Structure formats: structure tokens, C-alpha cells
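One structure is given below, encoded as C-alpha cells.
Indexing begins at 1, ligand by ligand and atom by atom, following the structure's order. Please read all numbers here as calculations on a predicted model, not as lab measurements. Values below: all heavy atoms of this structure, side chains included; hydrogens, waters and symmetry mates excluded.
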Amino acid sequence: MTRGAHGRAAALRGVVALDGPSGTGKSTVARRLAIALHARYLDTGAMYRAVTLAVLRAGVDVADSTAVADLARGSVPAIGTDPAGPTVRLGGVDVADEIRGAAVTGAVSAIARVPEVRSVLIGEQRRIVAAVVAVDGGIVVEGRDIGTVVAPDADLKVYLTASAAVRARRRSRQDAAAGRTVTVAVTRADVDRRDALDTRTTPLRPADDAIELDSSDLNVDGVIAALLSLVDERGLRADEAVRR
Ligand code: C5P
């Protein structure tokens, strides 16, 4: 780890946008990168998932975009930005586990395509990022549209990819670790379906100035090392003592 002039760990200053489809290892990488950089962390997918959970709990028809929009305005999730302990709350109750279940995963793309849902959540995401940057801090933001829409002025934009087969394998390993048993074939179909939907509804594409990083043949440490090099190339680490 890079050390500053006073022997303290050098912390990220500014915004790192990490976009890409599901199953690229994005969440693990984003969290670990934020920890390594003493930065905050924002998982925007968790926000779309939490709104989806609110919709399902309320028994609102996922296809009824007016009702979904009304509900979204009143159910903005409270998301924590500590990479060591990410939390997402609905009405004060943590729903971090529940939002990873099959029901939410199956419905989230339909909810995320509702324009009012996007504008409410994007507004909240921008507010969180601005609050961190205002105190000269750093934040790693992961999602689909961070470099293109949420934080187009991000200091570093990375678009993480991996082959569909690798992504399906990683997803099913994650599911198995969480006690959800699904075959790689089923997961592959789900990954493909969600990609197709997300490509149509969210700008699931790299920003013009994003760096594309293919993680198919890299492990998590390899991806983190590549990202830390990019952060340092851009001079985005500042010594804590100087910063404060
Ligand atoms: O990253 P994760 O798989 O948790 O995201 C869940 C879903 O939320 C995505 O499939 C996508 O539909 C939506 N999403 C989005 N914009 C983001 C992040 C996630 O539309 N910035």
C-alpha cells in the first residue's frame, strides 16, 4: 500500500466510477478497492434492489409503472457507505440479505427501467457522492450508469467486463455460498436475460472516457492491482495529514 510523507496510508480523493454487467466481480472488487483506498463505497444496484423489495412487499404490480413510481418516491432506501459493512435500510430495517434473493433479482430490471425510479435514485446517489467530495473525501461508486449519468465528471471511470460464461460461473458460486442452489445453466440464462433487459433500459455501456478492464482471466487481487495502478497514474491518492 502506498504510504504518504507522514507514514500514513494514502487515501483516495475524488470519485472512482466502476460500471459493468453483473457477474464481473464488480461488487467484491469495488468494496475491496474502497477499503484499500480508505474511501467510502456506494452500491447503486443495492438501491434498485431495495426499491424492488419495497414494490414486492407492497404487492404492487411490477408492470404498473405509475404505482411503482409513487411507491419509489416514498421508499428511498437509506444506504450506508462503509465498505467494511455495507447496509441498506428500508423504513429503518436492514434488508441487505433479502435484496439478494431470487424474487428481487427476477424483478429488479423491470423496476429499474421506470424513469421516475431512476430519477429518484440517481438524485440520491448524486447527493451522497457530492457530500463525500465536499469534505475532500473519496468514494468508489459501482453500478451501470455511474460514468455516463450519475457521475460523468468522475476522476476515474472503469468498465469491468468478463465473458458471459465466466460471469455465470461467478454468479452461481456466489449463490451457492449464500445457500441458494441453482445450476450454472439457470444462472447463465438469468445473467443473459438481465443483460438484455439492462442494455435496453439502462445505459449499460462504457462512458467514452472509461477504461475497459476484462476480468475473465484475472482473480480479484489481479483486478484490484490493475485498479490501484490506474488510481495512482491519475494521482488520486492524497496523504491523510495533508488532506485534513
Ligand atoms: O449490480 P446489481 O446486480 O445488484 O444490480 C441490480 C439491478 O439494478 C441491475 O440488473 C439493473 O437492472 C439495476 N441497476 C441499474 N443501474 C445501476 C445499478 C443497478 O439500473 N446503476
Side-chain angles (χ1 to χ4, degrees), residues 15-31 34 41-56 62-63 65 68-69 72 75-77 79 81 83 86-88 95-129 139-152 154 157-162 164 167-168 170-175 178 180 182 187-207 210 215:
V15 180
V16 174
L18 197 59
D19 287 304
S22 66
T24 49
K26 202 175 38 165
S27 291
T28 308
V29 162
R31 271 182 71 180
Y41 160 68
L42 182 61
D43 175 0
T44 60
M47 299 173 80
Y48 288 94
R49 286 172 176 273
V51 170
T52 303
L53 180 62
V55 169
L56 296 177
V62 171
S65 46
V68 167
S75 326
V76 179
I79 187 143
T81 59
T87 55
V88 53
V95 292
D97 287 336
E98 214 175 336
I99 60 169
R100 306 286 160 200
V104 169
T105 300
V108 65
S109 294
I111 301 303
R113 76 201 301 179
V114 177
E116 290 84 352
V117 171
R118 300 205 72 77
S119 64
V120 166
L121 293 187
I122 290 168
E124 180 65 5
Q125 291 155 14
R126 287 181 175 154
R127 189 190 64 73
I128 293 167
V129 171
I139 187 163
V140 178
V141 189
E142 65 149 300
R144 303 287 195 285
D145 58 348
I146 310 308
T148 49
V149 177
V150 175
K157 300 177 185 177
V158 176
Y159 193 82
L160 202 58
T161 59
R167 292 192 287 122
R170 286 178 183 162
R171 251 309 148 178
S172 58
R173 266 206 301 270
Q174 271 172 17
D175 283 338
R180 295 183 291 268
V182 279
T187 309
R188 170 74 195 261
D190 183 59
V191 164
D192 287 346
R193 183 189 61 83
R194 211 138 56 90
D195 278 1
L197 272 172
D198 285 351
T199 309
R200 264 184 279 139
T201 56
T202 47
L204 182 56
R205 62 171 178 81
S215 73

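- The Gly45 neighbourhood of ligand 1 comprises atoms 4 (O), 5 (O), 18 (C), 19 (C), with distances under 4.0 Å to a heavy atom of that residue.
- Side-chain contact between Val104 and Glu98 is absent, with no heavy atoms from C-beta onward closer than 4.5 Å.
- The backbone N or O of Val108 sits nowhere less than 3.5 Å from a side-chain atom of Arg49 that would complete a donor-acceptor pair.
- Of the possible donor and acceptor atoms, none in the side chain of Lys157 sits under 3.5 Å from a partner among the backbone N and O of Asp19.
- Residue contacts with ligand 1 for Ser109 involve both N, CA, C or O and side-chain atoms from C-beta outward (heavy atoms, distance under 4.0 Å).
- Residues passing the salt bridge (charged side-chain N to carboxylate O under 4.0 Å, His left out) test with Arg188, sequence neighbours excluded: Asp192.
- Under the salt bridge (charged side-chain N to carboxylate O under 4.0 Å, His left out) criterion, Arg100 pairs with Asp43, not counting sequence neighbours.
- The distance criterion of under 3.5 Å between nitrogen or oxygen atoms is met by Arg144 with respect to ligand 1.
- Here's the thing with Tyr48: none of its N/O atoms is less than 3.5 angstrom from an N/O atom of ligand 1.
- Atoms of ligand 1 lying under 4.0 Å from at least one heavy atom of Thr44, given by number and element, are 17 (C), 18 (C), 21 (N).
- Each of the following atoms of ligand 1 lies closer than 4.0 Å to a heavy atom of Val108: 7 (C), 8 (O).
- Contact check for Pro21 versus Tyr159: side-chain heavy atoms found under the 4.5 Å cut-off.
- Ligand-side atoms of ligand 1 in range of Ala112: 12 (O), 13 (C), 20 (O), range being under 4.0 angstrom from any heavy atom.
- In this structure, Gln125 has no heavy atom closer than 4.0 Å to ligand 1.
- At a heavy-atom cutoff of 4.0 Å, ligand 1 is contacted by the side chain of Arg49 but not by its backbone.
- Within ligand 1, counting atoms from 1 as listed, the ones closer than 4.0 Å to a heavy atom of Arg100 are 4 (O).
- Only side-chain heavy atoms of Arg118 come within less than 4.0 Å of ligand 1; its backbone N, CA, C and O stay farther off.
- Side-chain contact between Val62 and Leu56 is present, with heavy atoms from C-beta onward closer than 4.5 Å.
- Looking only at side-chain heavy atoms (C-beta outward), Val117 and Met47 stay at 4.5 Å or farther from each other.
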